[in-house]
Trainee: 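There's a structure below that I have some questions on.
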Amino acid sequence: MRTCSKKKWMSMSRTIEAEEAGSRRPLNVGVVGATGLVGELFLRLLEERSFPLGRLKLFASDRSKGQTRTCQGKTVPVEVQTPDGFDGLDVVFFSSGDDISKEWAPVAARAGAVVIDNSAAFRMDSDKLLCVPEVNGHLLPKGRGGVIIANPNCSTIQLVCALQPLQKDFGLESVHVATYQAVSGGGKEAQNELAVQLKAWAAGESLPSPQIFPHPIAMNCIPQIGSFQDNGFCSEEIKIMRETKKIMGDSSFRVSAFTVRIPAWNAHSEVAWVRLKKQVEPEAVLAAIKKQSGLILEDEPKKGIYPTAHKYSDKDGVAVGRIHRDLDDPNTWILWIVSDNLRKGAALNGIQIAERIFDLKSGS
Ligand SMILES: NC(=O)c1ccc[n+]([C@@H]2O[C@H](COP(=O)([O-])OP(=O)(O)OC[C@H]3O[C@@H](n4cnc5c(N)ncnc54)[C@H](OP(=O)(O)O)[C@@H]3O)[C@@H](O)[C@H]2O)c1
C-alpha cells in the first residue's frame, strides 16, 4: 500500500477544508518579494479588499532581514525563504523575479499552497494556467492547493481585458499594439532612477549614468524593454505577443507589439489597432466594451475626456478611450488603453485569482 507523506497529507486536508469552508476559513498567506513595489501593494490590497487573512508570512532578500511590514493590524517580520518556510500556507504570492520563482515557487506548491506567480518563470509552460480572471478565470481550480498559477505580464493584462469583449462579440483577425510604459514597471530601483535623474535635470546638472534603463529615462522615450532577440523584437514584446494568444485561448489571430518605456511614474498606456472579423457599427463596439466587467469606458475626446496614466495610477480596472474606426480599413478599430501596472497589471490580478480559487466574495 502506498503511504502518503506528511506534507502531502497536510496539503490534502487543507484542500478539503478550503473546499468545505469556502470563504469562511481565514487563509494563511505568504508574500515573496514583500518589500518591492508589487509585494507592498499585495499587502495594501489584502487590507483594502478585507481578504480573510489568517497567518501572514513575508519574504524578501537578505537585505531586508530585520524589517517589518504591517497588514490588517498584524506587524510581521520579513524573512528569507527556507525549505520549510511555506509549510501551512494556503496561498503564496510571488513577486521577486524569475530566478526566485523558479527556485521557490515549486517548493511552496509542494508544501500545499496555491502559488500565484508574478514573474515570467512559468507563464508559457503548457501545464500552467496563465490567468486574467475576466478572460479565462473559469479555468481556475477550485480551492485546490499544490498548484502554480501564472500572473501575466502587466502590458498583456490590460490588453487582453480590452480585447476580450471584442473577441467574444465580433472575433479578432489581428492586433497591433504600441505601449508607453511607466517606470514602476521596472520596480523600486527604476522609479528611484527617474527621480534622481529628474532632480539633476531640474538643477541643470548632467544626468547620472543610468543603472536600470539602457539610456537616461528622464525627458526621454526608450524603444526597448528587456533584451533584444535576433528577430528584432525585445523580450517585453515577445511576452505580450505570446501571452495574449495563450490567455485568450486562440492562436488564430495575429498579434504584433512594440514597447516603449516613458518617464511616467506609474500606469501603462497602450494604443491598439484591432482588426475585427466583422464590420460593425460604433455603437456595437462601445456596447461590448461597456458591458465587460473590469473595463471603464472614458471616451469623449472632443471634451478632452480619455484615460491618462495620472488619472488611473492607483486605480483598479482598465480604462479605454479614443475609440475610433480606421479611415482606410473599416474593420479596424483604434483603442487607447490605460491601467495601473502594479494593480490590475500585477497585485490586483493576483488577488482576484486567489479570490476565485477560494470562492471569496470579491473585495470583501
Ligand atoms: N512592477 C510591475 O509593474 C510588475 C508588473 C507585473 C509583474 N511584475 C513582476 O513582479 C516582480 C517584482 O516586481 P517589483 O516591481 O515589485 O520589483 P521590486 O520593486 O524591485 O521588488 C523586488 C522584490 O524582490 C525581492 N528580492 C530580491 N532578491 C530576492 C531574493 N534573493 N529572495 C527573495 N526576494 C528577493 C526584493 O527584496 P529586497 O527589498 O530585500 O531587495 C523585493 O521585495 C518581478 O518578477 C516583476 O517582473 C512587476
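Every heavy atom of this structure was used, including side-chain atoms; hydrogens, water molecules and symmetry mates were not. As the structure lists them, so they are numbered: ligands from 1, and atoms in each ligand from 1.
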Trainee: Every pair of nitrogen or oxygen atoms between ligand 1 and the protein that is under 3.5 angstrom apart - can you list them with their distances to 0.1 Å?
Mentor:
| residue | atom | partner | partner atom | Å |
| --- | --- | --- | --- | --- |
| ligand 1 | 1 (N) | Ser184 | O | 3.0 |
| ligand 1 | 3 (O) | Asn341 | ND2 | 2.8 |
| ligand 1 | 16 (O) | Leu37 | N | 3.2 |
| ligand 1 | 16 (O) | Val38 | N | 2.8 |
| ligand 1 | 19 (O) | Leu37 | N | 3.0 |
| ligand 1 | 19 (O) | Lys188 | N | 3.0 |
| ligand 1 | 24 (O) | Ser96 | OG | 3.2 |
| ligand 1 | 32 (N) | Gln81 | NE2 | 3.3 |
| ligand 1 | 34 (N) | Ser61 | N | 3.4 |
| ligand 1 | 34 (N) | Ser96 | OG | 3.0 |
| ligand 1 | 37 (O) | Thr35 | OG1 | 3.1 |
| ligand 1 | 39 (O) | Thr35 | OG1 | 2.5 |
| ligand 1 | 39 (O) | Ser64 | OG | 3.2 |
| ligand 1 | 40 (O) | Ser61 | N | 3.2 |
| ligand 1 | 40 (O) | Ser61 | OG | 2.6 |
| ligand 1 | 40 (O) | Ser64 | OG | 2.5 |
| ligand 1 | 41 (O) | Ser61 | OG | 3.4 |
| ligand 1 | 41 (O) | Arg63 | NE | 3.2 |
| ligand 1 | 41 (O) | Arg63 | NH2 | 2.8 |
| ligand 1 | 43 (O) | Gly33 | O | 3.2 |
| ligand 1 | 43 (O) | Thr35 | N | 3.3 |
| ligand 1 | 43 (O) | Thr35 | OG1 | 2.7 |
| ligand 1 | 43 (O) | Gly36 | N | 3.0 |
| ligand 1 | 45 (O) | Gly97 | N | 3.1 |

Trainee: Any pair with a residue in residues 202-223 that passes side-chain hydrogen bond (donor to acceptor under 3.5 Å, both in side chains), sequence neighbours left out, goes on the list, sorted by first then second residue, please.
Mentor: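 Residue pairs passing side-chain hydrogen bond (donor to acceptor under 3.5 Å, both in side chains), neighbours aside: none found.
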Trainee: Let me know which of Gln352, Arg343, Lys344 forms a side-chain hydrogen bond (donor to acceptor under 3.5 Å, both in side chains) with Asp316.
Mentor: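 Of Gln352, Arg343, Lys344, side-chain hydrogen bond (donor to acceptor under 3.5 Å, both in side chains) with Asp316 is met by Arg343 alone.
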Trainee: Please check: side-chain N/O of Asp326 versus main-chain N/O of Trp333, any donor-acceptor pairing under 3.5 Å?
Mentor: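 A pair under 3.5 Å: no.
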Trainee: Should we say atom CZ of Arg254 is surrounded by more than 12 heavy atoms from elsewhere, each under 6.0 Å from it?
Mentor: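 12 or below, so no.
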Trainee: Quick one: OG1 on Thr68 to NZ on Lys74, what's the gap to the nearest 0.5 Å?
Mentor: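 So the OG1 of Thr68 and the NZ of Lys74 are separated by 15.0 Å.
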Trainee: One pair to check against ring-ring contact (aromatic ring centres under 6.0 Å, His included): Phe86 and Phe59. What are the steps and the verdict?
Mentor: CA-CA 10 Å; Phe86 301 104; Phe59 303 93; 5.0 Å; yes
